[in-house]
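By convention in this document, chain letters (A, B, ...) are assigned in the order of the sequence lines, proteins followed by strands, and residues within each chain are numbered from 1. On a predicted model such as this, the values are computed, not experimentally measured, just so you know. In what follows, every heavy atom counts, from backbone to side chain, and hydrogens, waters and symmetry copies are set aside.
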Number of protein chains: 2
Amino acid sequence: MSAVQLFPAPIATVDAVLLTLRQGALCVGLITREQPPFTGLLALPGGYVHIPEDATLEAAAARILRDKARVECRFLEQLATFSGEARDPRGWSLTVVYFALVPEAELLAAGGALALHPVAGLPPLAFDHAAIIDAAVSRLRGRSSYSALPAFLLPPLFTLTELHAVYQQVLGTRLDPASFRRKITDQGIVEAAESRRVGAHRPAALFRLRAGQARSFLHRI
Amino acid sequence: MSAVQLFPAPIATVDAVLLTLRQGALCVGLITREQPPFTGLLALPGGYVHIPEDATLEAAAARILRDKARVECRFLEQLATFSGEARDPRGWSLTVVYFALVPEAELLAAGGALALHPVAGLPPLAFDHAAIIDAAVSRLRGRSSYSALPAFLLPPLFTLTELHAVYQQVLGTRLDPASFRRKITDQGIVEAAESRRVGAHRPAALFRLRAGQARSFLHRI
DNA sequence: ATAATAGTGTCTCTCAGACACTATCGA
DNA sequence: TCGATAGTGTCTGAGAGACACTATTAT
């Protein structure tokens, strides 16, 4: 390694995959590109790191989602870094991708410039963003079977029936309600809130995620 | 987003965490830095992406390990990207980190410039490399409980007793030999090789990883 | 035969799925 | 009282750990 950098630097960007559930369908937040390349195509929200404003890449992703969707995501985590010569016609590039889970209600309340599109049946996307979204959905599905990730698709307070429905929608399988309740409550993943959800029928207890323990279970769902 | 990039580009590099087992101890391959910053300290092998020689970041990581350790790793996967202003005194930087598993025998046969150091009790390292190694070890430990990753710490052909020992060393726990054998063989993770390991006592059947199925199990180990 | 390592049979306990049951609300 | 949703009790079957057992080699 010499002191002088002999190689051109790759173009480095940050992109964000924001996932939410709308009417039981997993959706991703996209923008329509206004500049080349890929003008007019849908793309993930993203951009350059703002130095020194962004302390880290994660901060850059949070800023991008704050600007585009007007939300502070309770779940934001690095997905992976995608790279290569072919993904951007301007040249060799890399993009560090973060993935966020947001309840739909929060997105709607915030307004924001992202349009929600069901991840099943997306139109052609800019760059390699279709593959990136596939990777994010795979991560969500994979982690959902042994973690509390799907809870981040609900508001901070939720009933176990709602959580059960979200797990079923994300995993695409039926889960026995009784076993589900036991697993969730036994493992200390959630804690009971004081209030109850009142409605037309028997009120349901409300729960919230326990801080820190939200990520992984002892046993599979 | 304007057409002109208004922000300085971060310094982008690739680093590799090469892990192996030596006498039951998990070890990482390190070099001694010859240039500033951190001259004289131990560091992960790494460097700039060579454009256009490296087709992707993974190819850059493979090249770095080929140059420094003279090995082609059968397991090489992206770990995460680390970033920030503080990790490199030259300024805001990001490094895309790959993590590799190699059997010790292969490393020794290859020679190479990496020195193996037990991950328990490392001296101070350059940059944030201590935190990066922690992340790699956590990933290995976490994935080992439900995947065949530890098998990559053995040569392509191995006995179930050897695999059992490697799992115990990586996980740091005792595993029942009978249960272990059943789980490994029942799940189609390995397939029997034709040959057997001959020695001073009863010969053991040799196995290899089944291509594709190497990554994840139905049930925990 | 013996030592040593390889590999199996079988018991038990725990946990997940199935599903019938009870509980609590509004109308 | 009924309909609807919330939540529980209990049976059963699968799988993991424990551990005693058998198998196969060299010496």
Side-chain angles (χ1 to χ4, degrees), chain A residues 24 143-148 150-151 154-155 157-208 213 216-221, chain B residues 24 143-148 150-151 154-155 157-208 213 216-221:
Chain A
R143 291 263 291 264
S144 293
S145 53
Y146 58 92
S147 82
L154 289 172
L157 291 185
F158 49 82
T159 69
L160 290 186
T161 303
E162 290 166 346
L163 189 63
H164 178 234
V166 170
Y167 268 87
Q168 291 192 143
Q169 287 157 357
V170 169
L171 292 172
T173 58
R174 183 199 166 269
L175 298 170
D176 181 76
S179 293
F180 181 82
R181 298 182 91 85
R182 267 189 294 263
K183 254 179 292 197
I184 296 291
T185 50
D186 289 359
Q187 297 203 27
I189 303 299
V190 298
E191 58 188 8
E194 308 69 32
S195 47
R196 298 195 304 167
R197 162 84 28 98
V198 293
H201 303 290
R202 174 173 173 175
L206 284 169
F207 294 83
R208 68 171 71 83
Q213 314 223 352
S216 82
F217 291 174
L218 268 55
H219 303 287
R220 296 180 89 91
I221 284 290
Chain B
R143 291 262 290 264
S144 293
S145 53
Y146 57 91
S147 83
L154 290 173
L157 291 184
F158 49 82
T159 68
L160 290 186
T161 303
E162 290 166 346
L163 189 63
H164 178 233
V166 171
Y167 267 88
Q168 291 191 145
Q169 286 157 359
V170 169
L171 293 172
T173 57
R174 184 198 166 268
L175 298 170
D176 182 77
S179 293
F180 181 83
R181 296 182 93 86
R182 266 188 294 263
K183 254 179 294 198
I184 295 292
T185 50
D186 289 358
Q187 297 202 28
I189 303 300
V190 298
E191 57 186 12
E194 307 69 32
S195 46
R196 298 193 305 165
R197 163 83 31 96
V198 295
H201 302 290
R202 174 174 173 175
L206 284 169
F207 294 83
R208 68 171 70 85
Q213 313 224 354
S216 81
F217 291 174
L218 268 56
H219 303 285
R220 296 180 90 91
I221 285 291

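Heavy atoms of A/Arg174 sit under 4.0 angstrom from primed sugar atoms or phosphate atoms, though from no base atom. If you check every strand for non-hydrogen atoms under 4.0 Å, B/Arg197 touches nothing. Among the protein residues, B/Ala204 comes within range of the sugar-phosphate backbone only, with heavy atoms under 4.0 Å from sugar or phosphate atoms but none that close to a base.
For the pair A/Ile189/A/Phe207, no side-chain contact is recorded, criterion being any heavy-atom separation below 4.5 Å from C-beta on. No side-chain heavy atom of A/Arg208 sits under 4.5 Å from any side-chain heavy atom of A/Leu154.
For A/Ser179, whose side chain is taken as the heavy atoms from C-beta onward, the closest listed nucleotide among C/dA16, C/dG7, D/dT8 is C/dA16. Listed candidates were C/dG9, D/dT24, D/dA4. Nearest to the side chain of A/His201 is D/dA4. For B/Ala205, the side-chain atoms get nearest to C/dG7 when compared with the rest of C/dA18, C/dG7, D/dC19. Side-chain atoms of B/Asp176 lie closest to D/dA18 of the nucleotides C/dA16, D/dA18, C/dG7. Taking the side chain of B/Pro203 as heavy atoms from C-beta on, and the options D/dT25, C/dA18, C/dT8, the nearest nucleotide is D/dT25.
Remark: P of D/dC19 and CZ of B/Arg181 are 19 Å apart, rounded to the nearest angstrom. One can place CD1 of B/Ile184 at 11 Å from P of D/dA16, the figure rounded to the nearest angstrom. Between the C1' atom of C/dT8 and the CG atom of B/Leu160 lies a distance of 13 Å, rounded to the nearest Å. For the pair A/Leu163 CG and D/dA6 P, the interatomic distance rounds to 13 Å; values are reported in whole Å. As rounded to whole Å, 16 Å separates atom C1' of D/dG15 from atom CZ of B/Phe180. In this structure, A/Lys183 atom NZ and C/dT14 atom P are separated by 18 Å, rounded to whole Å. As a whole-Å value, the separation of B/Phe158 CZ from C/dA6 C1' is 16 Å. Atom CZ of A/Arg182 is separated from atom C1' of C/dG17 by 9 Å (rounded to the nearest Å).
For the pair A/Pro150 and A/Val166, the tightest heavy-atom approach, listed with the atom from each and the gap, is O-CG1, 3.5 Å.
Distances shorter than 4.0 Å separate some side-chain N or O of A/Arg196 from OP1 or OP2 on C/dC25.
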Please tabulate, one pair per line, all N/O donor-acceptor pairs under 3.5 Å involving side-chain atoms of residues 169-179 of chain B, not counting sequence neighbours.
unit_1	atom_1	unit_2	atom_2	d
B/Asp176	OD2	B/Ala178	N	3.2
B/Asp176	OD2	B/Ser179	N	2.9
B/Asp176	OD2	B/Ser179	OG	3.3

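Put simply, the side chain of B/Arg202 and the base of D/dA23 share a donor and an acceptor less than 3.5 Å apart.
Residue A/Ala200 is the one, among A/Thr159 and A/Ala200, whose nearest nucleotide of DNA chain D lies closer to the 5' end (criterion: closest heavy atom). Nearer the 5' end of DNA chain C, as judged by each residue's closest nucleotide, is the contact made by B/Thr161, out of B/Thr161 and A/Gly199.
Atom-to-atom distance recorded for A/Glu162:CD and A/Leu157:CG is 10.0 Å, nearest 0.5 angstrom.
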